[in-house]
Amino acid sequence: LDGIEVGGRNIMLNSSFKGFSNTDGMEFDSSARSITYKSTALGSTKSLSRSVSEYGKTRIRGRKVTISGEYKVNESITYGTTNPWIGMELSVRRDDSTGGSTQWLSWLGSKTVSNDNIGKWVKVSKTFSVTDYDHASVSLAIVLRDFTGSISLRNLKVEFGNRATDWTPAPEDVDSNISDAAKTATNYLSFGSSGLV
């Protein structure tokens, strides 16, 4: 058991895609915590920036980070030749004054996704060591580029440690949902269902 570091806290905010609308080939299902994209032209690019929690940003230096999630090929993938890429990328931009350059942590990526398991969910996790430099920023993006076919991604998680754990929302998202529910309840009690009480 030496060397096992289990995290559990998702540092990716809104990994369920709550509040996202389905537009331009990208479909979001917050109840399934999934995104689906159908590409009909090689060379096209879709990217979706995601935020990392302040908890994650302030603790990432020198840590083990595990990125996990599942993918499903819905319609056969054909890659282009320019720069095909399917997956998620966490970038840790180091402070130039302390040396080093941006570190890219890639989940899937390039031509990793195969057509071997069409219609089946495949879970993938990757662990990285973040270098022990001061960092200027931490960012996260889902990138879908230069392929045709249809792909779904779900249960995306970024956590400290070297073992992937089951998907959970970031605690900040849970706090936000509780706050929203409390506001809704307060408004209902104040105004009632048919006007001011």
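We're numbering straight along the sequence, starting at 1.
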Please report the interatomic distance [atom1]([X]) to [atom2]([Y]), rounded to the nearest 0.5 Å.
{"X": "Tyr79", "Y": "Thr112", "atom1": "OH", "atom2": "OG1", "value": "6.5 Å"}
{"X": "Ile86", "Y": "Ile151", "atom1": "CD1", "atom2": "CD1", "value": "5.0 Å"}
{"X": "Leu140", "Y": "Leu13", "atom1": "CG", "atom2": "CG", "value": "9.5 Å"}
{"X": "Leu153", "Y": "Leu108", "atom1": "CG", "atom2": "CG", "value": "7.0 Å"}
{"X": "Asp166", "Y": "Thr168", "atom1": "CG", "atom2": "OG1", "value": "8.5 Å"}
{"X": "Ile35", "Y": "Arg33", "atom1": "CD1", "atom2": "CZ", "value": "15.0 Å"}

Side-chain donor-acceptor pair present, [X], [Y], cut-off under 3.5 Å:
{"X": "Ser51", "Y": "Asn14", "value": "no"}
{"X": "Ser15", "Y": "Lys157", "value": "no"}
{"X": "Glu159", "Y": "Thr165", "value": "yes"}
{"X": "Ser91", "Y": "Ser139", "value": "yes"}
{"X": "Arg94", "Y": "Thr131", "value": "yes"}
{"X": "Ser125", "Y": "Thr66", "value": "no"}
{"X": "Ser76", "Y": "Asn115", "value": "yes"}

Would you say that [X] contacts [Y] through its side chain, given a criterion of any heavy-atom pair below 4.5 Å between the two side chains?
{"X": "Ile60", "Y": "Leu90", "result": "yes"}
{"X": "Thr78", "Y": "Phe147", "result": "no"}
{"X": "Met26", "Y": "Thr36", "result": "no"}
{"X": "Lys72", "Y": "Val122", "result": "no"}
{"X": "Thr45", "Y": "Asp146", "result": "no"}
{"X": "Arg93", "Y": "His135", "result": "no"}
{"X": "Phe17", "Y": "Leu48", "result": "yes"}
{"X": "Thr81", "Y": "Leu42", "result": "no"}

Mark yes or no for whether [X], through its side chain, and [Y], through its backbone, hold a donor-acceptor pair below 3.5 Å.
{"X": "Arg145", "Y": "Asn83", "answer": "yes"}
{"X": "Glu27", "Y": "Ser21", "answer": "no"}
{"X": "Asn117", "Y": "Lys120", "answer": "no"}

Are [Y] and [X] connected into the same hydrophobic cluster when the rule is that any two of I, L, V, M, F, W, Y join if their side-chain heavy atoms are below 4.5 Å apart?
{"X": "Val92", "Y": "Trp104", "result": "no"}
{"X": "Met88", "Y": "Trp121", "result": "no"}
{"X": "Leu156", "Y": "Phe128", "result": "yes"}

Work out which heavy atom in [X] is nearest to a heavy atom in [Y]; give both atom names and the distance.
{"X": "Ser39", "Y": "Ala41", "value": "OG-O, 3.3 Å"}
{"X": "Asn74", "Y": "Ile118", "value": "O-CG2, 4.1 Å"}
{"X": "Ser129", "Y": "Gln103", "value": "O-NE2, 2.9 Å"}
{"X": "Arg61", "Y": "Val130", "value": "CA-CG1, 4.4 Å"}

Single hit among Val158, Ile11, Asn10 for side chain to side chain contact (heavy atoms under 4.5 Å, CB included) with Ser53: Ile11
Cation-aromatic face contact Arg59/Phe160, 6.0 Å, 45 degrees: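 No, Arg59 does not lie over the aromatic ring of Phe160.
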Test: Arg50 and Glu89 ion pair at under 4.0 Å: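 No.
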Check ion pair Asp24-Lys46 (N to O, under 4.0 angstrom):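 Looking at Lys46 together with Asp24, the answer is yes, because their closest N to O distance falls below 4.0 Å.
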ILVMFWY clustering at 4.5 Å (side-chain atoms), partners of Val143: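 ILVMFWY cluster around Val143 also holds Trp85.
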Other ILVMFWY residues reachable from Trp167 by side-chain steps of under 4.5 Å: none
From CA spacing to verdict: side-chain contact (heavy atoms from CB on, under 4.5 Å), Tyr37, Ser44: CA-CA 12 Å; Tyr37 175 59; Ser44 63; 3.7 Å; yes
Asp132 atom CG, neighbour heavy-atom count above 12 within 6.0 Å: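 Yes, enclosed.
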Lys126 atom NZ, over 12 foreign heavy atoms within 6.0 Å: yes
CA sep, side-chain torsions, deciding dist, call: Arg9, Tyr55, side-chain contact (heavy atoms from CB on, under 4.5 Å): CA-CA 10 Å; Arg9 177 178 178 145; Tyr55 175 90; 3.4 Å; yes
Pairing residues for Arg154 by the salt bridge (charged side-chain N to carboxylate O under 4.0 Å, His left out) criterion, not counting sequence neighbours: Glu70
Test side-chain contact (heavy atoms from CB on, under 4.5 Å) applied to Asn22 and Asp29, step by step: CA-CA 9 Å; Asn22 296 331; Asp29 183 345; over 6 Å; no
Mutual orientation of the aromatic rings belonging to Phe20 and Phe28 [parallel < 30°, tilted 30-60°, perpendicular > 60°]: tilted
